[in-house]
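Convention: sequence-line order gives letters A, B, ...; per-chain numbering from 1.
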Amino acid sequence: MTHNTLKMAQFDLALVKPYLRTILFSVVPILILLFIGNGSLMYGMMFSMSFAGIAVSYPFTISEKNKMERLYAVLPISKKEMVFGRYLYAVIIGLLMLGVSLLAGFFTFMCMNIEIFFTEIFIAVIFGVNMLECYILFLLPAYYQFGTIKGRFCVFFPMILSFAIWGLASANIISIELYSLIVLFGIIMMIPSAIISVRILQKKDI
Amino acid sequence: MTNYLEVMHLSKNYPNFQLHDISFTLPEGYIMGLIGENGSGKTTVIKLILNMIHRENGKINILGKDNISEESAVKPYIGVVFDSNCFCEEWTILQTMKRISSFYETWNKEKFLSLMNRFQLDTKKKIKALSKGMQMKLMLAWALSYDAKVLILDEPTSGLDPVSRDELLTILAEYIEDGKHSVLFSTHITSDLERAADYITYLHYGELFFTGSKEELLSMFCMVKGGREELQPEQQKKLIGVRTFSTGFEALIKTTDRACFSGMAIEPVTLEDIMIFISRKGE
């Protein structure tokens, strides 16, 4: 199964490759401006992870547009592998955006001679991962259930959730340790989320 | 003789349509035509074979394996040509096949390239730039390049010119030549099946009307022609769908009833005649 899951993730990455270049070219300058304007990693991270949320939907949109569900029905892979591959794709895209955001931040702050502390990097990364996992946990099953147009309306829920958790952490209502544990729990929860998506796809009439 | 495809008591319910108790078998080395009017359930059957939709009842075996519980084991042996493109339109042929071929252990790159050559398809061309006929050929090349044992064609010839249709039929004939490949060919263009099919499965409003050899179906019916005044009331009861003209009529009858129409012109039927007149009977 692992082999086909990887192939499926590669397939999805190839689908979004032309769009990815455009995203990166448009995101990086805005990120740099945000870092210059705010002097903090957080705002850039929020922005780039919001884009990651959009990029997660791309394989769904492209597949729907090209009626590729028929191709997926013929390919020698199970529905489970198909779904797991898409989750893997979403993780890769999210980590890519997170990495781009951090690199752009380091580069900007280095040019501006601003020192970045480890705690700030850690919180930004924790926030970025939390935002990504919220998207993956809730958006992917929504896309499988409702399709991309209706599923897109669910984008606000993971966004609000990740901001709420971050708000509680920044107001010291929850400790950084607890925040990290919540993020870790979110990563583990991706497995039940993927299983729910598999069930949805298995029951769905294409 | 091994059955490559076995469809047993298949049922599917939609709010406005029911596919009811469909059973047929496709033996190794033959072409089966899947015919029926629009909305008769042909595409539903194909979707059920490909596990794209849920069945209410029944079982489907492909090469002796269940199409759901053993989906991954079965899929490498199925090739499908849809009525329209199913690839990413922004990709070139080469990009498409590079991505897709990685899923197949039996992918034969040389065979694919030789088919591209034969079909005169430029592999650098984007999918969206291909005509309908070219897209059909690409899907066919895809299936042939991993040596699919069962080829399913879902109305691939609709909208194709006669030359492309003839080319497809020639390829299908070559495909089954070794006796180790089978084809399920869904189409409205029954003349293609008159030429290529060995077996026919005829769906009528979601029900199985006939499944068996093409010759058997053609021998079940005949066409009677005559003047309107010649037709007696007892004879009228035996007609299956009638077409009347100012000068006379033509009607489908069961071959077993032909003795009742002595003196009238009786002719053999085509698959199209059967479909049209059976449909008229329904109306």
Side-chain angles (χ1 to χ4, degrees), chain A residues 1-23 55 57-86 88-89 92 144-145 147-148 198-206, chain B residues 12-15 43-44 46-56 62 67-92 95-96 98-107 126-128 135 138-139 142-143 146 148 150-152 154:
Chain A
M1 192 192 86
T2 322
H3 202 42
N4 278 340
T5 303
L6 281 174
K7 283 179 195 167
M8 199 60 216
Q10 276 178 340
F11 190 88
D12 281 346
L13 282 168
L15 271 184
V16 302
K17 202 174 158 189
Y19 303 91
L20 216 56
R21 274 189 217 132
T22 318
I23 288 178
S57 73
Y58 277 8
F60 290 94
T61 317
I62 298 165
S63 301
E64 264 181 36
K65 188 188 157 208
N66 292 284
K67 295 180 181 169
M68 289 171 70
E69 68 281 355
R70 295 173 303 161
L71 170 69
Y72 297 138
V74 182
L75 288 179
I77 48 168
S78 65
K79 288 184 169 126
K80 196 175 173 182
E81 290 164 338
M82 228 181 278
V83 170
F84 278 43
R86 194 148 289 179
L88 182 60
Y89 153 82
I92 293 168
Y144 279 114
Q145 178 69 40
T148 41
V198 172
R199 294 268 158 83
I200 292 169
L201 192 63
Q202 280 172 341
K203 284 183 183 170
K204 202 173 182 180
D205 280 359
I206 303 165
Chain B
K12 170 75 186 169
N13 296 335
Y14 285 115
T43 301
T44 304
I46 289 173
K47 282 185 169 183
L48 284 162
I49 293 170
L50 296 174
N51 192 21
M52 290 172 79
I53 53 174
H54 264 84
R55 60 196 183 207
E56 256 67 52
I62 299 164
N67 77 321
I68 296 178
S69 62
E70 294 176 89
E71 189 177 11
S72 297
V74 156
K75 287 279 172 76
Y77 300 104
I78 311 174
V80 187
V81 178
F82 294 106
D83 57 344
S84 60
N85 170 49
C86 65
F87 304 120
C88 179
E89 292 192 335
E90 290 301 322
W91 286 355
T92 62
Q95 283 172 328
T96 306
K98 193 183 159 196
R99 294 291 163 205
I100 289 172
S101 63
S102 67
F103 290 97
Y104 296 95
E105 285 174 16
T106 53
W107 184 268
K126 281 194 173 182
I127 302 287
K128 67 179 174 188
Q135 288 176 351
L138 180 61
M139 284 187 271
W142 165 35
Y146 59 87
V150 182
L151 185 60
I152 298 170
D154 188 8

Nearest heavy atoms of B:C86 and A:M68, plus distance in Å: O-CG, 3.5 Å
Gap separating the NZ atom of B:K12 from the CG atom of A:D205, nearest 0.5 angstrom: 3.5 Å
Nearest-0.5 Å distance, CG of residue A:L71 to CH2 of residue B:W142: 5.0 Å
Greatest number of heavy atom pairs closer than 4.5 Å to chain B - which of A:L201, A:I77, A:L15: A:L15
Atom pair NZ (A:K203) and NE2 (B:H54), whose distance is rounded to the nearest 0.5 Å: 8.0 Å
Spacing of B:I100 atom CD1 and A:K7 atom NZ [to the nearest 0.5 Å]: 13.0 Å
Partners passing salt bridge (charged side-chain N to carboxylate O under 4.0 Å, His left out) against B:R99 (at least two apart in sequence or in another chain): none
Segment of A:I62 engaging chain B (4.5 angstrom heavy-atom cut-off): side chain
All pairs passing side-chain hydrogen bond (donor to acceptor under 3.5 Å, both in side chains) where residues 68-77 of chain B contributes a residue, at least two apart: B:N51-B:E71, B:D66-B:S69, B:E71-B:K75
Flag if over 12 foreign heavy atoms under 6.0 Å of NZ, A:K79: yes
Option in B:N85, B:I78, B:I68, B:L50 with maximal non-hydrogen atom pairs under 4.5 Å from chain A: B:N85
Separation between CZ of A:R70 and CG of B:D83, rounded to the nearest 0.5 Å: 6.0 Å
Residue pair A:P76 / B:F103: nearest heavy atoms and the distance that separates them: CG-O, 3.3 Å
Gap between atom NZ of A:K67 and atom CZ of B:F87 - 0.5 Å precision: 15.0 Å
